Amino acid sequence: MKMTNLTARWLAIMLAIVAPLLYAGYLHYQQNNFSCGGHLIIVENSAWVDTVMTFSFHNGTGDYDSTGEYRQAGQSPITVSNKVAFRFWREDERVILISSDTNELPKKDEAYRHFIPDFFHHRDRGISLEIVPMNASSYLFRFGNSPAFYCTKN
């Protein structure tokens, strides 16, 4: 079967229409389906929290998981961990996350918790972030127009 000139033109037109739509769908999928991990250290006076964390985003729902240690000078380290299930959506350049379940350990109130947003401690609390792709394998999470941490794709 020979392809006529007219058929070839229509095929090229259809390809020119479909290709950008497929690419836009791919970009949308990449923005809403990814996982990344980072290492965060929060220091205040003679105490610090050293934690490794992972964020996973999957079509409007996600998970945050962290483990680490809380240390105060002259005291034994306290193991800390947290798991947060959340839902998310995008508004302009921001990603809105609303916690649906949290499991923070230890349960007692430590001083470092006062510097961490309620999203990580309580159910139905929100946080607004900018998640900026830095390159093919990492993101920069910005909070309040300031870099919060660097997150590498898993």
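Keep in mind it's a predicted model, so treat the numbers as computed, not measured.
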Would you mind writing out the side-chain donor-acceptor pairs for residues 88-95 within the sub-3.5 Å range, not counting sequence neighbours?
unit_1	atom_1	unit_2	atom_2	d
Trp89	NE1	Glu91	OE2	2.9
Arg90	NH2	Gln31	O	2.8
Arg94	NE	Ser128	OG	2.7
Arg94	NH1	Glu130	OE2	3.2
Arg94	NH2	Ser128	O	3.2

Pairs satisfying salt bridge (Lys or Arg N to Asp or Glu O under 4.0 Å), at least one member in [range], at least two apart:
| range | answer |
| --- | --- |
| residues 47-64 | none |
| residues 66-80 | Glu69-Arg71 |
| residues 4-16 | none |
| residues 12-30 | none |

- Please write out which residues are connected to Leu15 in a hydrophobic cluster, directly or through intermediates, given that two of Ile, Leu, Val, Met, Phe, Trp, Tyr count as joined at side-chain heavy-atom separations below 4.5 angstrom.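 Joined to Leu15, directly or through intermediates: none.
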
- Query: Other than Val18, which residues form its hydrophobic cluster under the rule that side-chain heavy atoms must be closer than 4.5 Å?
  - Reply: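 Leu22, which link up through side-chain heavy atoms under 4.5 Å apart, make up the rest of the cluster.
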
- Message: Can you confirm if the aromatic rings of Phe55 and Tyr139 lie within a centre distance of less than 6.0 Å?
- Response: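 Not close enough - the centres of the two rings lie 6.0 Å or further apart.
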
To the nearest 0.5 Å, what is the distance between [atom1] on [X] and [atom2] on [Y]?
| X | Y | atom1 | atom2 | result |
| --- | --- | --- | --- | --- |
| Gln30 | Tyr26 | CD | OH | 4.0 Å |
| Ser81 | Asp65 | OG | CG | 8.0 Å |
| Ile42 | Ile116 | CD1 | CD1 | 4.5 Å |
| Ser35 | His58 | OG | NE2 | 4.5 Å |
| His122 | Ser99 | NE2 | OG | 9.0 Å |

- Message: Checking Ser137 now: which residues fulfil side-chain hydrogen bond (donor to acceptor under 3.5 Å, both in side chains) with it, not counting sequence neighbours?
- Response: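 If we apply the side-chain hydrogen bond (donor to acceptor under 3.5 Å, both in side chains) test to Ser137, skipping adjacent residues, the hits are Asn135.
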
- Item | Set of salt bridge (charged side-chain N to carboxylate O under 4.0 Å, His left out) partners for Asp101, sequence neighbours left out |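 Salt bridge (charged side-chain N to carboxylate O under 4.0 Å, His left out) check on Asp101 returns Arg123.
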
Do the non-hydrogen side-chain atoms of [X] and [Y] ever get within less than 4.5 Å of each other?
| X | Y | value |
| --- | --- | --- |
| Trp48 | Glu44 | no |
| Val80 | Pro106 | yes |
| Val49 | Ile41 | no |

- Item | Thr7 versus Thr4, side-chain donor and acceptor atoms under 3.5 Å |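 There is such a pair (donor and acceptor under 3.5 Å, judged by atom type) between the side chains of Thr4 and Thr7.
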
- Classify the side-chain pair Asn59/Asn33 by whether it contains a donor and acceptor separated by less than 3.5 Å.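 The criterion, which ignores hydrogens and geometry beyond distance, is satisfied for Asn33 and Asn59.
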
- Following the transitive rule for hydrophobic clusters with a side-chain heavy-atom cut-off under 4.5 Å over Ile, Leu, Val, Met, Phe, Trp and Tyr, establish whether Leu40 and Ile131 coincide in one cluster.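 Hydrophobic grouping puts Leu40 with Ile131.
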
- Item | Cluster link Phe34 to Met53, ILVMFWY, side chain under 4.5 Å |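 In one cluster with Phe34: Met53, yes.
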
Pairs of donor and acceptor atoms involving the side chains of residues 142-154, under 3.5 Å and at least two apart or interchain, shall be tabulated with distances.
unit_1	atom_1	unit_2	atom_2	d
Tyr150	OH	Ser138	OG	2.7
Lys153	NZ	Ala136	O	3.4
Asn154	OD1	Gly37	N	3.4

Flag, side chain of [X] to backbone of [Y], donor-acceptor distance under 3.5 Å:
| X | Y | result |
| --- | --- | --- |
| Asn32 | Phe57 | no |
| Thr102 | Phe120 | no |
| Ser100 | Ala85 | yes |

- Task: List in chain and number order the residues that pass ring-ring contact (aromatic ring centres under 6.0 Å, His included) with Phe119, two or more places apart in sequence or in another chain; answer none if no residue qualifies.
- Result: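 With sequence neighbours excluded, Phe119 shows a ring-ring contact (aromatic ring centres under 6.0 Å, His included) to Phe86, given in chain and number order.
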
- Where Arg87 and Asp124 come nearest, the two heavy atoms and their spacing: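 Smallest heavy-atom distance, with atoms named: NH1-OD1, 4.3 Å.
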
- Task: Report the residues that fulfil side-chain contact (heavy atoms from CB on, under 4.5 Å) with Val52, sequence neighbours left out, ordered by chain and then residue number.
- Result: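 Partners of Val52 by the side-chain contact (heavy atoms from CB on, under 4.5 Å) criterion, ordered by chain and then number, come out as His39.
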
